[in-house]
There are 2 protein chains.
Amino acid sequence: MSERVVPEGSRQRRRPTKQGAVLSERLIVDTALRLIAQHGAEALSVRRLGAALGADPTALYRYFRNTDALLLAVADELIGRAQEGWTATGDWRTDLRAMGLRINSCYRNNPQAAALAAHRTTGRPHETRAVERILGILRGAGFPDDLAVRIYHAFVDQALAFAAQDAAAAALPTAAREKDEEVWHAVYGRLSPDTHPNIAATFPLLAADMRDSGYPFALELMLAAVEALRPTEQGG
Amino acid sequence: MSERVVPEGSRQRRRPTKQGAVLSERLIVDTALRLIAQHGAEALSVRRLGAALGADPTALYRYFRNTDALLLAVADELIGRAQEGWTATGDWRTDLRAMGLRINSCYRNNPQAAALAAHRTTGRPHETRAVERILGILRGAGFPDDLAVRIYHAFVDQALAFAAQDAAAAALPTAAREKDEEVWHAVYGRLSPDTHPNIAATFPLLAADMRDSGYPFALELMLAAVEALRPTEQGG
DNA sequence: TTCACACGTCAATGGCGTTGACGTAAGCTT
DNA sequence: AAGCTTACGTCAACGCCATTGACGTGTGAA
C-alpha cells in the first residue's frame, strides 16, 4: 500500500500516458491555467483537465489530493505572476497603484482560482514578499509604523476584496453573467421617475459606468485620502 | 401547456405536499437561508432544500426557473435585511457611512449566504431601493450626476467586496480559521529582519491590526476622499 | 535479471441540476 | 352541485460532476 499522492520532489517514475503525455505537477498547473484562460471559467473540471492533458482524468489524483489542493497550487502560481517584473519607482503613490492594479488584473484573468485564493493566507514566499514590499512602500513614504500598518491593511484588503469580487463576476457561468447585464437594462432602465427618481435621472451614466470594475476609481480615492494623511517632509 | 414557473403574485392554487407543507416563494427563500446558516453554503442543493421543505426537490422548479433565480432571491432578501429600519439623517457622510456599515455587518452575520450572493445583480425590489437611496444621498449632497454615479459605483462595490471578503473569512470552518491564524504567527512572526525588514519591524502592530476587518478604515478613507471632491455650496 | 511498486487506467459510486410526463386536486364556471 | 381546466406536486431519467478502489504494466533500483 502506498499514498496516492507522491510529493513532487521525490517523484521518480515518470510513465507516459496512453496518449504519450508525461505528467508533472508543473504541467498540470500550467494546463489548468491555460484551460481557464482559453475556455472560460466553467471549463475547469477534472475530466476536462484530464482530456486537455491527454490522460485519464483520475491520473490527477496521483498529483493532488483533491481539486482544492490543485486550486491552491494554481493560486500560489498566481501570486507569483502578479508581482513578476515589478520594480519600485520610489514614488509611493505610483508604486502602490501599480501593486493594486497588478493584483486586480492578475486575479481577474484567472477568476475561479482567484475566488478561492483571495481570502486565504498562504504564508508562502510569494505572499510574504508582497507584504514586505507594500509595507516598504508605505514606511519609505514617511508614514509612522502604526499608520503604515493600518493603511497597509486597508489597501491589501481592498485590493483582494475587489479582485475576488471582479473574479467572481468573471467566473460566473456565461448565462448568469449575461442575465446580470440584461437586468441592468430590463429592470433599471424601466424604473419610473416617480418611485426611483435618482435612478431614472442617471440611468445612462449608471449603465455605462457599471460595465467596468469599480476598483480603479476606488483605488484612486484611497490613494488621495492616504496622501492627505501623510506627514510633511520636514516634520518633527 | 403552461409555463413551469407561475409568478408569486398570480399564484392561486396552493396544494400541500405529501408531507403536508404548503410552499411559497417566501417559505423557500427563508428555508434556504436557514439551511445555509445552519449547514454551510455547500449544504444548499435542490435535493437538500426539497428535503428541508418537506417536498419533492423538483417542486422548487414551480417557483424558480433554476437555482440561479433562487440564489438571486436569497441575495435580495439579504439586501432587504441590511436596510431594515434605516432612515436618512440628511448628512450625506453619516448616511453613506451607515449604509456601508449596515451592508457589511448584515452580510457578515450571514456569511455563508453572503459569499454566494455578494457579487450578483438581482434587479429585485430591495436592491433597486438601496441603489435609489445611495444615489439620492450623493445627489442630495450636491455631486453632479456623472461624479455621483462614479462614487456610487466605487462605494457599492467596495461595500459588497469587503462584505464578501469578511463573510468568507467568517465562513471558514473553525479548524481552518485557527490554523490560518496560527500559520500567520508562525510564518510572519519569524521572518528575518534581513530578508523582511518591514514585516519584522511592524509585526506586533500588524498582528494586532489584521485581526479585525479593514473595512471601517477603508470606508473612512473613501469618505474623506469623496468629501474632497465635493463641490462647494456656493459653487458656479 | 529480477522485482517491488508507482502510476496510468478502468469501473463504479453517489452527488448534482434539470427536464418531461403524469395524475390529482384546487378553484373556476355553470 | 357538477364539471372542467390546469396548476403544481411527484416520479423517473439524463448527463454532468468529484472521488475511490482495484488492477496491471512498465519503470527504475538492486
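Worth knowing before you read on, the calculation uses all heavy atoms, side chains too, and leaves out hydrogens, waters and symmetry mates. Letters A, B, ... are given to chains in the order of the sequence lines, protein chains preceding strands, and every chain is numbered from 1.
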Is [X] near enough to [N] that one of its side-chain N or O atoms lies under 4.0 angstrom from OP1 or OP2?
{"X": "Lys18(A)", "N": "dT25(D)", "answer": "no"}
{"X": "Tyr63(B)", "N": "dG9(D)", "answer": "yes"}
{"X": "Ser45(B)", "N": "dC16(C)", "answer": "yes"}
{"X": "Arg48(B)", "N": "dC16(C)", "answer": "yes"}

By nearest nucleotide on DNA chain C, pick out whichever of Arg14(B) and Arg65(B) is the more 5' one.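 In this pair, the answer is Arg65(B).
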
Derivation and outcome, salt bridge (Lys or Arg N to Asp or Glu O under 4.0 Å), residues Arg124(B) and Glu25(B): CA-CA 14 Å; Arg124(B) 286 169 149 257; Glu25(B) 204 172 283; 3.6 Å; yes

Would you please classify the geometry between the His185(B) ring and the Phe203(B) ring as parallel, tilted or perpendicular, with 30° and 60° separating the classes?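 Perpendicular, since the angle between the ring planes exceeds 60°.
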
Identify the heavy atoms of Tyr63(A) and Ser24(A) that sit nearest to each other, and give their distance.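 Reported closest heavy-atom pair: CE2-CA, 3.8 Å.
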
Measure across Phe64(B) and Ala73(B) and return the closest heavy-atom pair with its distance rounded to 0.1 Å.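 The pair with the smallest heavy-atom distance is CE2-CB, 3.7 Å.
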
Could you give the [atom1]-to-[atom2] distance, from [X] to [N], as a whole number of Å?
{"X": "Phe64(A)", "N": "dT19(D)", "atom1": "CZ", "atom2": "P", "result": "13 Å"}
{"X": "Leu70(A)", "N": "dA18(D)", "atom1": "CG", "atom2": "P", "result": "10 Å"}
{"X": "Tyr61(A)", "N": "dA22(D)", "atom1": "OH", "atom2": "P", "result": "17 Å"}
{"X": "Gln19(A)", "N": "dT9(C)", "atom1": "CD", "atom2": "C1'", "result": "12 Å"}
{"X": "Leu44(B)", "N": "dG15(C)", "atom1": "CG", "atom2": "C1'", "result": "14 Å"}
{"X": "Glu25(A)", "N": "dC7(C)", "atom1": "CD", "atom2": "C1'", "result": "15 Å"}
{"X": "Leu53(A)", "N": "dC7(C)", "atom1": "CG", "atom2": "C1'", "result": "14 Å"}
{"X": "Leu60(A)", "N": "dC17(D)", "atom1": "CG", "atom2": "C1'", "result": "14 Å"}

Just compare dT18(C), dC22(C), dT9(C) and give me whichever is closest to any side-chain atom of Arg62(B).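 The closest nucleotide is dC22(C).
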
Nearest to the side chain of Asp56(B), which nucleotide is it out of dA22(D), dC11(D), dA18(D)?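 Of dA22(D), dC11(D), dA18(D), dC11(D) is nearest to the side chain of Asp56(B).
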
Whether the side chain of [X] and the base of [N] hold a donor-acceptor pair under 3.5 Å is what I'd like checked.
{"X": "Arg15(A)", "N": "dG8(C)", "value": "no"}
{"X": "Arg13(B)", "N": "dT5(D)", "value": "yes"}
{"X": "Thr58(A)", "N": "dC10(C)", "value": "yes"}

Spatial distance of atom CD1 (Ile137(A)) from atom CD (Glu132(A)) [nearest 0.5 Å]: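 The distance works out to 10.5 Å.
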
Can you confirm whether more than 12 heavy atoms, excluding those of Arg14(B), are under 6.0 Å from its CZ atom?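 Correct, the count exceeds 12.
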
Scan Arg47(B) against the nucleic acid and name what it touches under 4.0 Å (heavy atoms): base, sugar-phosphate only, or nothing.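 Base contact - Arg47(B) has a heavy atom under 4.0 Å of at least one base atom.
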
Sugar-phosphate, base or nothing in reach of Ala55(A), heavy atoms under 4.0 Å: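 The answer is sugar-phosphate, as Ala55(A) gets under 4.0 Å only of primed atoms, P, OP1 or OP2.
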
Any side-chain heavy atom of Tyr107(B) sitting closer than 4.5 Å to one from Leu78(B)?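 Yes, at least one pair of side-chain atoms sits under 4.5 Å.
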
Using a cut-off of under 3.5 Å, enumerate the N/O to N/O pairs linking the protein to nucleotides 28-30 of chain C.
none

Output, in order, the C-alpha distance, side-chain angles, deciding distance and verdict of salt bridge (Lys or Arg N to Asp or Glu O under 4.0 Å) for Arg26(B) and Glu77(B). CA-CA 10 Å; Arg26(B) 164 125 225 123; Glu77(B) 175 64 20; 3.6 Å; yes

Heavy-atom nearest nucleotide on DNA chain D for Val6(B) versus Val46(A): which residue maps closer to 5'?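 Mapping each residue to its closest nucleotide by heavy atoms, the 5'-most match is Val6(B).
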
